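Notes follow the structure.
Note that the coordinates shown come from a computational prediction; the quantities given were computed from them, not determined experimentally. Chain naming here is simple, since letters A, B, ... match the order of the sequence lines and numbering starts at 1 in each.
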Amino acid sequence: MDFASSPRFFRRGPKPLTRFLLCSVLSLTLLVGDARFGWLTPLREAGSVLLYPLQWLIRTPQALARRAEDFLTIQTDLVAQNHALQNRLLIAEARLQRQTDLQRENQTLRELSQLRLQPPQTSLLAEVLYTSRDPFTYKLIIDKGVQEGMKEGFPVVDARGLVGQVTRVQPLTAEVTLLIERNHPVPVFIQRTGLRAVVFGTGGGVEVRYLAAHADVQAGDLLVTSGIDGIYPAGLPVARVTRAEKDAGSPFVRVVCEPMAWIEHHRALLVLNEKAALPPRPEPAPVIVVKSRRNKSTSEE
Amino acid sequence: MPTPLLKPHTTRWLVLSFLLALLLELLPIEMTGWHWLPNWVGVLVIYWTLHLPRTFGIGLACALGLLTDMASASLFGQHALVFSLLSYLVLIRQRQMVMYSMLQQVMVVLGLMLLSQALTVVVRLATGAAFIGWGYFAASFVAAAVWPLLSHVLALSLQPSKQR
C-alpha cells in the first residue's frame, strides 16, 4: 500500500518532494555561490559568532585539563626542560646577535643604495581552536580575528617553517588554509641552487610542479619562500625534497617534498603581521593588434 | 501487538542531542586518523526524522546542515544538501521504517549513510578537491554499528514517563 500518495487527513504543508527539491535547490545555489564566487562571507561571519559559545564550551574542559596537567608536572621534568630550553636560548641568542649585526649592516647598505627599507616585521601568537572535521579541506581555525587586526593573506608559520596563510577572517576567529591543501601554490626557490619554482599542495602533501626535466634538484634540497608573490616574506623554509624522479615520458621532473612545518600537530602558531608592499604590477606590453587579427582570421578559415 | 502510547514529546531532547553533535563537530582533534568517526548530525537527522516526522523535517535538516557547514569550515550547502536528502529519503518511507526490526534498520541506516557520503564525495570532487581514499567510507559502518545503542538511548526520551 502506498502510504505516501494516500489522501491526507491533516494539513502538513507542502509535500516532502516539494520541500526536498526546494532545499536541494537552495543548497546547490549556496554551493556554487560559495565555491565559485565567494558570496557568503557575511553569512559565515554571522554564523561564526553564533557558534562561538559552543566553541568556548568545548574548549573549556580541555583548557582546565591542561592547567591541571601543568600543576601536576614533576619537578625533575621541569628542571630537565629548563636546561634544554636554556641551551636553546643560548644558541638562539648567539644567532640573534649575529642577525642584529647583519640587519644593521643590511640597512646601511640599503640606505646607501637608496633602496626601499623593509618594513619592521611584527607577529601575533594564535592558538588553534579546532581543525576542520571535513576531511576534504586542510584548514585550521585560530582564535584571533578581525578584532586583533587579522587580515586575509597573512602568512602563518611555526617554529620550523611555513604552515599556510589566513584565508578567511571572522570577528573572533580566522581560518588558516594549510599549505597541503590541494592546489595551494607557494612560490619558492631551492636554497642550494637559487632555482625558482612553485610548490603545490596535493591534499595531504606537497610537490613541486612544472620543473624542467634537466633542473638541478636532489633529495634533501630545502625549498624556501622566494617572496615574489607579495604574500609570503622571503626566506621562510617551506619543504624539503624527499624524492626527485626523472621520467623519460614527461617533460617535467617529479619532485615529492615533505613540508618543514609540523603541520598537523599544532597548538600554537605565529601569524606574521606583514604584507609586503610591492609596487603595482606593470602593465603587460601592448599586443600588436594587426598580427593577432590576422591569426584569428586564419584560424577561422 | 499494542504499542505503548508515546508521551507527548518535547523538543528538549531533540535540541539537546543536536547541540551535542555540533559540539563533537567542533572538537579540537588531530586532522588525520579520525575519518572513521561518522557525522553525528547526519545520524541524528535520520533518527529524528524517523521518530518525530511531524516536528523534524526536511527544512530543519537543511538548516542544521548549514550550521554544520559553518562549524566544519566546509563548503556552504554541502551538508545542507546531504541532510535534506537523508531527511527526505527517511520521510517517504517513514511509516515502513519505524516498524522494521533493529537489524533491518541498521541495514537501512548503513545504506543511507553510504549514500550521503557518496554524495559528499561527488560534490567535493565537482568543486575541485582530491579523492581521499576508500577509508573515508568506514564512517558509515561505524554509524550503522552505533545505531542500535543510539536509538535505545534516544528512545528513552520518547517513552511514557511513570505516573507520579
Side-chain angles (χ1 to χ4, degrees), chain A residues 3-4 10 12-13 15-24 26-36 39-40 43-44 46-48 50-51 54-55 57-59 62 128-141 168 175 178 180-183 201-204 263-265 267, chain B residues 19 22-35 37 39 53-54 57-59 61-63 65-85 87-89 91-96 120-121 123-133 136 139:
Chain A
F3 284 108
F10 305 103
R12 279 197 282 157
K15 274 184 182 173
L17 186 62
T18 324
R19 277 188 279 170
F20 169 62
L21 287 179
L22 266 176
C23 283
S24 54
L26 173 76
S27 34
L28 279 176
T29 320
L30 287 177
L31 257 175
V32 175
D34 196 23
R36 293 258 175 255
W39 289 337
L40 299 151
L43 193 58
R44 233 176 234 282
S48 78
L50 256 175
L51 284 171
L54 282 185
Q55 283 170 16
L57 197 68
I58 195 90
R59 263 187 309 137
Q62 204 198 11
V128 178
L129 290 186
Y130 61 96
T131 58
S132 166
R133 271 290 310 280
D134 184 12
F136 295 95
T137 53
Y138 293 88
K139 284 177 181 161
L140 297 174
I141 313 294
R168 207 177 267 153
E175 218 174 273
L178 300 176
I180 50 176
E181 166 91 15
R182 189 171 142 94
N183 290 339
T202 56
I263 282 197
E264 295 187 352
H265 310 269
R267 224 161 74 179
Chain B
L19 268 183
L22 275 175
L23 274 182
L24 284 177
E25 198 74 22
L26 291 173
L27 209 61
I29 48 173
E30 300 283 324
M31 198 167 282
T32 43
W34 290 89
H35 292 168
L37 270 183
N39 191 334
R54 299 279 173 88
I58 299 164
C62 189
L66 288 181
L67 260 182
T68 318
D69 287 331
M70 281 185 256
S72 63
S74 43
L75 275 180
F76 235 103
Q78 171 195 325
H79 286 100
L81 181 66
V82 170
F83 291 168
S84 35
L85 176 72
S87 185
Y88 169 68
L89 289 180
L91 207 59
I92 50 172
R93 284 280 172 268
Q94 187 261 337
R95 273 169 267 196
Q96 277 179 332
T120 313
V121 169
V123 165
R124 292 318 291 253
L125 290 188
T127 51
F131 185 64
I132 50 163
Y136 175 61

[X], part contacting chain A, at a heavy-atom distance under 4.5 Å:
{"X": "B/Tyr136", "value": "side chain"}
{"X": "B/Val82", "value": "neither"}
{"X": "B/Leu67", "value": "both"}
{"X": "B/Ala61", "value": "neither"}

Rounded to the nearest 0.5 Å, what's the gap from [atom1] on [X] to [atom2] on [Y]? Could you check?
{"X": "A/Leu51", "Y": "B/Leu22", "atom1": "CG", "atom2": "CG", "value": "7.0 Å"}
{"X": "A/Ser24", "Y": "B/Tyr88", "atom1": "OG", "atom2": "OH", "value": "10.0 Å"}
{"X": "B/Leu75", "Y": "A/Ser27", "atom1": "CG", "atom2": "OG", "value": "12.0 Å"}

Ignoring hydrogens, what is the shortest heavy-atom contact between B/Leu23 and A/Leu54? Give both atom names and the distance.
CD2-O, 3.4 Å
How close do A/Cys23 and B/Ile58 get, heavy atom to heavy atom, and via which atoms?
SG-CG2, 3.8 Å
Taking the side chain as every heavy atom from C-beta outward, state whether A/Leu30 and B/Leu66 have any pair of such atoms under 4.5 Å apart.
yes
Would you say that B/Leu91 contacts A/Arg19 through its side chain, given a criterion of any heavy-atom pair below 4.5 Å between the two side chains?
yes
Which atoms of [X] come close to chain B, meaning under 4.5 Å heavy atom to heavy atom: side chain ones, backbone ones, both, or neither?
{"X": "A/Ile141", "value": "side chain"}
{"X": "A/Thr202", "value": "backbone"}
{"X": "A/Leu22", "value": "neither"}

